[in-house]
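So the structure is just underneath, and the comments pick up after that.
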Amino acid sequence: MASPRSSWIVLGKLGRNSLNSLWRRKRSMPTTRALGMFRAMVASLLTMLVGSLSGRTTSSILFFLRIRETCQFGLKSPASTLTSEYARQLRGLASKILSALSICLGLEEGRLEKEVGGLEELLLQLKINYYPKCPQPELALGVEAHTDISALTFILHNMVPGLQLFYQGKWVTAKCVPNSIIMHIGDTIEILSNGKFKSILHRGLVNKEKVRISWAVFCEPPKDKIILKPLPETVSETDPPLFPPRTFAQHIEHKLFRKTQDNLSN
Ligand SMILES: O=C(O)CCC(=O)C(=O)O
Ligand SMILES: [Fe+2]
């Protein structure tokens with residue numbers, strides 16, 4: 001496997017070159033998709049601009065891509081080959097981790113993998129987070145506290161601290177360990193395991209001196225095909241189901257609705 005270090009260099013290049021490449025290839029793409037991508041990028045850049053003009057330093061999602069689409073765009077650069085290789089390797093890693101988690105739950109090895117859609121349906125999505133430098137980091141928040149909706153999330157970053165995890169009632173800054181990859185368990189696994197594995201609450205902070213960039217790959221089940229609910233083996237009389245059955249799409253909707261309600265009541 002390409003080492004995490006070489007992978008983030010490559011992904012960094014992808015982040016920098018993607019606007020140009022997409023512009024160049026825009027004509028050969030279906031118009032609606034090209035427009036969609038373009039709008040998303042303009043929105044991200046505007047967020048950055050408004051943030052810096054108003055003195056409010058925000059983090060920006062600079063880019064949001066499906067890895068499979070990246071490959072289909074056929075970006076003719078070493079980034080395209082390495083990015084798809086990175087996706088392929090991550091997919092293998094996800095399988096191994098899902099096997100280990102299944103065994104921990106007393107399930108058959110391939111069970112969780114099957115429950116999240118198997119090889120065919122599990123979707124890998126890449127999101128690049130760009131955190132601008134901020135002279136007063138205590139007044140700004142990059143990515144607000146959340147849990148990931150994914151089954152698993154894999155993160156590489158440019159070795160600038162900023163990721164924090166809510167652990168034992170406190171925010172703890174994740175160490176920057178060279179040549180390592182960060183993995184989160186997301187809501188999907190929390191639901192299937194009936195809360196035996198926790199989807200970790202985390203956030204991203206801006207840094208006073210350095211730009212921070214992170215590349216997060218979310219491994220997600222299909223939106224509508226699968227009903228997510230605690231697996232029967234994880235439920236008992238003393239361990240009743242903690243989550244109602246919902247598709248992934250319904251789970252996202254439920255989270256957004258809850259967030260809106262929370263905001264309204266604050
Ligand atoms: O920037 C990071 O390290 C984490 C970002 C994150 O939590 C996310 O994109 O969901
Ligand atoms: Fe996250």
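Numbers here simply count residues along the sequence, with the first being 1. Numbering of ligands and ligand atoms starts at 1, following listing order.
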For Ile182, which part has a heavy atom under 4.0 Å from ligand 1: side chain, backbone, both, or neither?
neither
Just heavy atoms, cut-off under 4.0 Å: does Arg212 contact ligand 1 by side chain, backbone, both, or neither?
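The part of Arg212 near ligand 1 is the side chain, not the backbone.
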Could you give the distance from CZ (Arg203) to CD (Glu144), rounded to the nearest 0.5 Å?
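Taking CZ in Arg203 and CD in Glu144, the distance rounds to 11.0 Å.
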Should Gly204 be listed as contacting ligand 1, given a heavy-atom distance under 4.0 Å as the test?
no
Please list the nearest protein heavy atom to [atom] with its residue and the distance rounded to 0.1 Å.
atom: atom 5 (C) of ligand 1; result: Asn129 ND2, 3.4 Å
atom: atom 10 (O) of ligand 1; result: His146 NE2, 3.0 Å
atom: atom 9 (O) of ligand 1; result: Lys127 NZ, 2.6 Å
atom: atom 1 (O) of ligand 1; result: Tyr131 OH, 2.5 Å

Which atom pair, heavy atoms only, marks the closest approach of [X] to [Y]?
X: Leu101; Y: Leu152; answer: CD1-CD2, 4.2 Å
X: Leu242; Y: Pro230; answer: N-CG, 4.2 Å
X: Tyr131; Y: Ser214; answer: CE1-OG, 3.9 Å

Carboxylate-amine/guanidinium contact Glu113 Arg91, below 4.0 Å:
yes
Any salt bridge between Lys225 and Glu121, counting N to O under 4.0 Å?
yes
Quick check on the Fe ion (ligand 2): does His184 put an N/O/S atom closer than 2.8 Å to it?
no
Donor-acceptor pair, distance only, cut-off 3.5 Å: does the side chain of Lys196 make one with the backbone of Cys104?
no
Is there a polar contact, in the sense of an N or O pair closer than 3.5 Å, between His202 and ligand 1?
yes
Counting from 1, what ligand 1 atoms have a heavy atom of Leu163 closer than 4.0 Å?
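Here the atoms of ligand 1 in question are 3 (O), 4 (C).
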